[in-house]
Protein chains: 2
Amino acid sequence: MGNKLDNQTIASISDLGRRFSDTTILMHEAIAQKAGLSGTDHKYLGLLMQKGAMTAGDLAKLTGLTTGAITGLVDRLEKKNLAKRVFDGEDRRKIMIVPNTEQAMTLLGGIFADLQHKMVNLLSTFSDDELTLIKTYLVATIDVMNDVTRTLQDTDNP
Amino acid sequence: MGNKLDNQTIASISDLGRRFSDTTILMHEAIAQKAGLSGTDHKYLGLLMQKGAMTAGDLAKLTGLTTGAITGLVDRLEKKNLAKRVFDGEDRRKIMIVPNTEQAMTLLGGIFADLQHKMVNLLSTFSDDELTLIKTYLVATIDVMNDVTRTLQDTDNP
DNA sequence: CTAAAAATCTTAGTTACTAAGACAAATGTA
DNA sequence: TACATTTGTCTTAGTAACTAAGATTTTTAG
C-alpha cells in the first residue's frame, strides 16, 4: 500500500515538473509579447542581461547558435535599442555586445517586479528548513536532467 | 540577519527555478535530437501522446498554432510514421490525428525510462512529508506563474 | 614576410510558421 | 426543401529565424 502510494506520488511530482516547465515557457512568452519582443529575442536578451557584455563568438557558444544567427539577433536587439555593438579596444576583429540594461528594465522591470513580489510572498510562507529542502530538490533534479542530457549527447558524438 | 538570509535564499530559489526550466528545455532538445525529431515536433508529439487522438482543430486550439501550421506538423509526423490522419466517421470535414504510440515508444521509450529511473531513485530519498512539501511548492509556483501570465494577457486584450 | 587561424558579416537556402483564401461538408433559417 | 451561413482542413504567399558556406578583415604563428 505504501509502495503504491509512492508510485502515485512520484508520477504526480513528475507531472508537476513537466507542468512547471510548460508554465514557465508560457509565462515567458506572455512577458515577451507584452514587451513587444519575440520569444527568442526575449530569451537571449535575458541571457545577455544575466551574463553581461560579451563577444559575438562567446554568445554563439553560449546559445549554440551560429555566428550568422547571432548577427541577426544583435541586429534585432540593436534596432529596438536593447543592446549595442561596441568595438573591442584591443582586437579590431571583435565586437562586444553590450545590453542596454536601462532600456530593458524600462521594458521588463515592472513585469518581473510583479513576479518577484508574488514569489517572495509565496516563499515567505515556508520555514528555513522547508526552503532548504526545496532547494535540495531543485538542485538534485537539475543534476538528473543534466546527466540525462550529457548521456544523450555523448552517444550522439562517439 | 535573518531577513538578509531570507533574501539570499529567495534569490537562490528563483535562480534555481530559472535553471530548472532552462535545463528541462535543453534535455528535451537533446531527447528530440536523439530521436531524430525537431524540438517542435517532439514537443507536440508528446502533447498528442499525453492527450490522445484529437481533431486538427482541437490540436490548433491546444497549441495556439494556426490550422495551416497543424497541417504541416501532422504532415511531418505522418511522414515519420509517428501519427496518422483518420477520417471522422460522422463529419466528413473532420479528421482525427491519432498518435502512433508504439512507434513513439520505440523511439523515445528507452530515453524516458532512463529519466524515469533516475527520478524515481532521487524521489525515493525523500520522506512522504518532504514529497508533500515539494508538491506544495510546485503547485503554488505554477499558480503564481499562471497568475502572472493571465494578468499579462488580460492587459493585452482590454 | 607569409600562411594559417580567428571573428564577424553576408548570402543562399531551409524550416516552421501566420494570414488569407479555397473547397467541401454541416448547420441554421425561412 | 432550398439557400445562406458557418465550420473544418488544406493550400498558397509571405515572413521570421535559423544553418552552412563563403567573404573580408584582423590577429597570430612560424
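Naming convention: chains lettered A, B, ... in sequence-line order (proteins, then strands); numbering from 1 in each chain. Not measured: the values here are computed from a predicted model.
- To the nearest 0.5 Å, the span separating CZ on B:Phe112 from CD1 on B:Ile31 amounts to 4.0 Å.
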Q.
Treating primed atoms plus P, OP1 and OP2 as sugar-phosphate and everything else as base, which nucleotides of nucleotides 14-20 of chain C get B, S or - for protein heavy atoms under 4.0 Å?
A. --SSB--

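- When the P atom of D:dG8 is taken as reference, atom CD1 of B:Ile97 falls 13 Å away, rounded to whole Å.
- C:dA6 atom P lies 17 Å from atom CG of A:Asp88, rounded to whole Å.
- The 12-atom threshold is not exceeded at NZ of B:Lys51, counting heavy atoms of other residues, nucleotides or ligands nearer than 6.0 Å.
- As rounded to whole Å, 13 Å separates atom P of D:dA17 from atom NZ of A:Lys43.
- Each side chain to side chain donor-acceptor pair (under 3.5 Å) pair with one or both residues in residues 70-79 of chain B, not counting sequence neighbours, appears once here: B:Asp41-B:Arg76, B:Asp75-B:Arg85, B:Glu78-B:Arg85.
- Contact detail for B:Ala104 and B:Leu45: the closest heavy-atom pair is CB-CD2, 4.3 Å.
- Contacts between residues 55-63 of chain A and DNA chain C, defined by a heavy-atom separation below 4.0 Å, involve A:Thr55, A:Ala56, A:Gly57, listed by number.
- In this structure, A:Ser12 contributes its side chain and A:Gln8 its backbone to no donor-acceptor pair below 3.5 Å.
- Taking a 6.0 Å sphere around NZ of B:Lys118, one finds it holds more than 12 heavy atoms contributed by other residues, nucleotides or ligands.
- Evaluation of the ring pair (Phe, Tyr, Trp, His ring centres under 6.0 Å) test over residues 42-74 of chain B, restricted to residues two or more places apart or in two chains, returns B:His28-B:His42.
- Atom CD of A:Glu102 has 12 or fewer heavy atoms from other residues, nucleotides or ligands within 6.0 Å.
- For the side-chain hydrogen bond (donor to acceptor under 3.5 Å, both in side chains) test, no residue two or more places apart in sequence or in another chain qualifies with A:Lys80.
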(Q) For nucleotides 23-30 of chain D, give me one character per nucleotide, 5' to 3': B if any protein heavy atom sits under 4.0 Å from the base, S if the only such contacts are to the sugar-phosphate, - if neither. (A) ---BS---

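- Paired with B:Val148 under the rule side-chain contact (heavy atoms from CB on, under 4.5 Å), one option of A:Asp114, A:Thr23, A:Leu26 passes, and it is A:Asp114.
- As a whole-Å value, the separation of A:Arg85 CZ from C:dC9 C1' is 8 Å.
- Whole-Å rounding puts the B:Ile95 CD1 to C:dA25 P distance at 15 Å.
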(Q) Run B:Asp15 and B:Arg18 through salt bridge (charged side-chain N to carboxylate O under 4.0 Å, His left out) and show every step you take. (A) CA-CA 5 Å; B:Asp15 183 60; B:Arg18 183 176 21 254; 3.6 Å; yes

